[in-house]
Structures are given as structure tokens and as C-alpha cells.
Amino acid sequence: EGFFMSIIMKFGGTSVVNIKAINQVVAIVRRQYNRNPIVVTSALAGITDLLLSTTQLAAQGKLRNVEHNLHEIKKRHMEVVRGFLLSVREEIIPEIVKELRELNSALRRLPRPARGAIPTQQLDSIAAFGERLASWLLAGALLSQKIPAQRVDSRLLVATDSTFGNAEVNFKKTRQNFARKILPLIKRGIVPVITGFIGSDSKGRTTTLGRGGSDYSAAIAGVCLRAREIQIWKDVKGFMTADPRVVLRARVI
Ligand code: ASP
Ligand code: MG
């Protein structure tokens with residue numbers, strides 16, 4: 001059917017947390033470049049939590065704390081950009097700045113409920129900035145090392161219902177989107193770098209697939225492209241004998 005066999009390579013937050021980790025990701029992608037890789041990324045470690053707590057602060061009108069957190073988010077991403085080639089830096093920095101500006105205004109637009117919860121729709125659109133930002137870094141890192149890459153916002157790919165915070169995927173539409181937008185890139189030898197975790201509903205509003213959802217994004221990409229393989233990369237020392245959050249004496253095998 002003209003489908004190119006490809007592989008999905010998903011990288012978690014600790015894999016993209018700094019330039020050293022990101023360069024390791026580039027090396028991993030390079031080794032499998034001839035297998036038509038599609039990269040899916042989550043947010044930098046800790047950024048989704050930071051975005052969500054910043055949303056609370058913004059809703060409480062604690063603007064000074066919001067400023068502080070925004071500065072932290074900017075710093076963490078700009079530190080990585082500094083490791084890129086100058087030409088790539090010139091391409092990526094404006095994109096990062098644009099995302100940050102949008103994040104800033106999204107936080108300012110938040111309704112300020114005197115009490116009670118922030119609408120999940122708002123939480124989703126702000127949580128999405130973690131992956132939106134990280135994907136620029138990963139694409140930039142690949143380009144910096146001469147691997148053709150293009151960042152793709154998964155809101156143009158993953159069609160969902162409007163269950164904010166835990167959206168359901170419309171696979172029919174999503175499959176069409178992947179065929180239209182991702183296959184042409186693969187055919188040209190370009191590595192698509194897709195934001196995990198996020199999608200959009202029929203009105204174009206940002207949705208998320210639930211916390212930790214970027215592994216699921218990789219699975220969605222795999223199914224929609226009939227990938228040969230889905231790889232979930234984690235920056236850990238190895239498998240453990242048990243969940244270390246539950247079993248104190250858990251150790252690496
Ligand atoms: N960044 C999102 C989260 O922290 C999704 C993910 O990492 O899988 O929940
Ligand atoms: Mg995760």
C-alpha cells in the first residue's frame with residue numbers, strides 16, 4: 001500500500017533534560033536512521049509538573065511566582081539550545097521564544113476562580129507547552145548534528161474527543177493525518193519529531209492523553225503508520241527487581 005516501514009522511537013523527559021542526554025538521543029537515532037525513525041518526545045523532566053503548578057499560581061493571582069517559574073522554564077530550555085550549531089540556534093531560538101510568549105499569555109488569560117478547580121481545558125492547553133518546547137530542542141539537536149529532522153506538532157495529527165485531561169483518540173482521522181503529514185517526510189529521509197502527550201479536538205482545542213501519555217502517543221503513531229517497531233527509551237540504569245517507590249530494597253538487575 002505504499003507504506004514505508006518505519007520505527008517509532010519515544011524518548012522520555014530524562015532523555016532530553018540537558019545537552020549531554022540529548023546528544024545521546026541523537027546518537028541513538030543516528031544508529032537507526034536507515035530504519036525510517038519517527039521520534040516522539042515528552043516534556044523535559046519536571047516541566048509538566050512545573051507548568052501545572054504555575055497554572056495554579058496564575059489562577060491565584062500570584063504573578064510574581066508565575067514570573068519566577070516562567071524564568072525557570074525558559075532557562076532550562078535555553079541551556080540546551082546553547083549547545084547547538086549557530087545556524088540551528090538562530091532557527092530554534094525564535095520558536096522557543098514564540099512558545100514562551102504564548103505560554104505567558106495563556107497564563108494571563110486564565111480565569112481566576114476564587115476557589116475551586118481550574119477547568120481541565122485550561123490545564124491541558126498549558127500542560128501542552130512542555131512537549132511543544134521539548135520537540136523544538138530535539139529537532140534542533142538532530143539538525144545540529146546533520147540529521148534531517150522536522151518538528152511536528154501532534155495537535156495536527158492526533159484527533160481526539162473533548163475529554164480534556166484524558167482524551168479519547170479518533171483513530172480514523174488520526175490515521176489519515178499521519179498518512180498525509182508524516183509519510184511524505186519519511187519518504188524524503190526527514191526524521192519527524194512529534195510532540196507526545198497532546199492532541200486536539202474537532203474544534204482545534206488542545207487536549208492531552210493523560211499524565212504519562214507520551215508513551216501512548218508513541219503507540220498511536222505506531223498503529224497509524226503500521227510501524228515495524230515501537231521503542232520506548234528511558235534514561236535509567238536498567239530494570240529493577242521491583243518498583244522502588246514501593247519496595248525500599250529494590251535494586252537494578
Ligand atoms: N509530559 C507528560 C507528563 O509528564 C507526558 C509524559 O511525560 O508522558 O505527564
Ligand atoms: Mg513518562
Side-chain angles (χ1 to χ4, degrees), residues 8-18 21-22 24-25 28-29 37-57 69-70 72-77 79-80 95-96 99-100 102-103 106-107 117-139 141 151-161 163-169 174 192-201 205-224 227 230-236 243-245:
I8 314 296
M9 308 180 82
K10 186 263 169 175
F11 296 94
T14 46
S15 305
V16 291
V17 75
N18 54 38
I22 261 191
Q24 210 164 338
V25 168
I28 291 167
V29 173
I38 288 143
V39 169
V40 176
T41 182
S42 72
L44 269 59
I47 291 292
T48 309
D49 286 334
L50 189 55
L51 285 165
L52 291 173
S53 62
T54 307
T55 312
Q56 303 295 341
L57 293 167
N69 287 2
L70 281 172
E72 177 69 20
I73 291 168
K74 178 174 184 176
K75 200 178 86 194
R76 296 233 356 234
H77 290 84
E79 268 166 14
V80 176
E95 303 292 354
I96 300 277
E99 301 287 359
L100 291 169
E102 253 190 74
L103 169 60
L107 286 165
I118 299 161
T120 47
Q121 183 186 335
Q122 254 71 262
L123 289 173
D124 273 5
S125 54
I126 291 175
F129 281 95
E131 276 70 13
R132 290 172 62 172
L133 286 160
S135 53
W136 288 116
L137 297 188
L138 211 38
R151 186 254 195 191
V152 183
D153 190 319
S154 60
R155 290 175 298 173
L156 303 171
L157 301 171
V158 179
T160 71
D161 68 5
T163 316
F164 297 103
N166 195 18
E168 198 74 46
V169 176
T174 301
V193 178
I194 302 176
T195 52
F197 184 47
I198 63 183
S200 65
D201 73 1
R205 296 176 297 187
T206 302
T207 56
T208 66
L209 305 171
R211 291 306 307 272
S214 54
D215 288 1
Y216 182 44
S217 300
I220 293 165
V223 156
C224 291
I230 298 167
Q231 304 175 358
I232 308 286
W233 289 84
K234 313 250 175 207
D235 193 10
V236 293
D243 184 341
R245 289 169 300 187

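Counting from 1, the numbers follow the sequence of the chain as shown. Please read these numbers as outputs of a predicted model, since none were measured by experiment. As the structure lists them, so they are numbered: ligands from 1, and atoms in each ligand from 1.
Using 4.0 Å as the threshold, Gly213 has a heavy atom nearer than that to some atom of ligand 1. Close to ligand 1: Gly212, with a non-hydrogen atom less than 4.0 angstrom away.
Each of the following atoms of ligand 1 lies closer than 4.0 Å to a heavy atom of Ser42: 6 (C), 7 (O). Residue Glu131 approaches ligand 1 through these ligand atoms, each under 4.0 Å from one of its heavy atoms: 1 (N), 2 (C), 5 (C).
Counting heavy atoms of neighbouring residues, nucleotides and ligands inside a 6.0 Å radius, atom CD of Glu79 exceeds 12 of them.
Checked by distance only, ligand 1 and Arg211 come closer than 3.5 Å through their nitrogen or oxygen atoms.
A donor-acceptor contact under 3.5 angstrom links the side chains of Arg151 and Ser135, judged on distance only.
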Practice prompt. Please assess Arg155 against Thr206 for the test side-chain hydrogen bond (donor to acceptor under 3.5 Å, both in side chains), listing each intermediate value before the final yes or no.
Written response: CA-CA 7 Å; Arg155 290 175 298 173; Thr206 302; 3.0 Å; yes
Worksheet item: Stepwise, does the side-chain contact (heavy atoms from CB on, under 4.5 Å) test hold for Arg205 with Gln121?
Response: CA-CA 8 Å; Arg205 296 176 297 187; Gln121 183 186 335; 3.5 Å; yes
Fill in: side-chain hydrogen bond (donor to acceptor under 3.5 Å, both in side chains) evaluation trace for Thr207 with Asp201
CA-CA 7 Å; Thr207 56; Asp201 73 1; over 6 Å; no
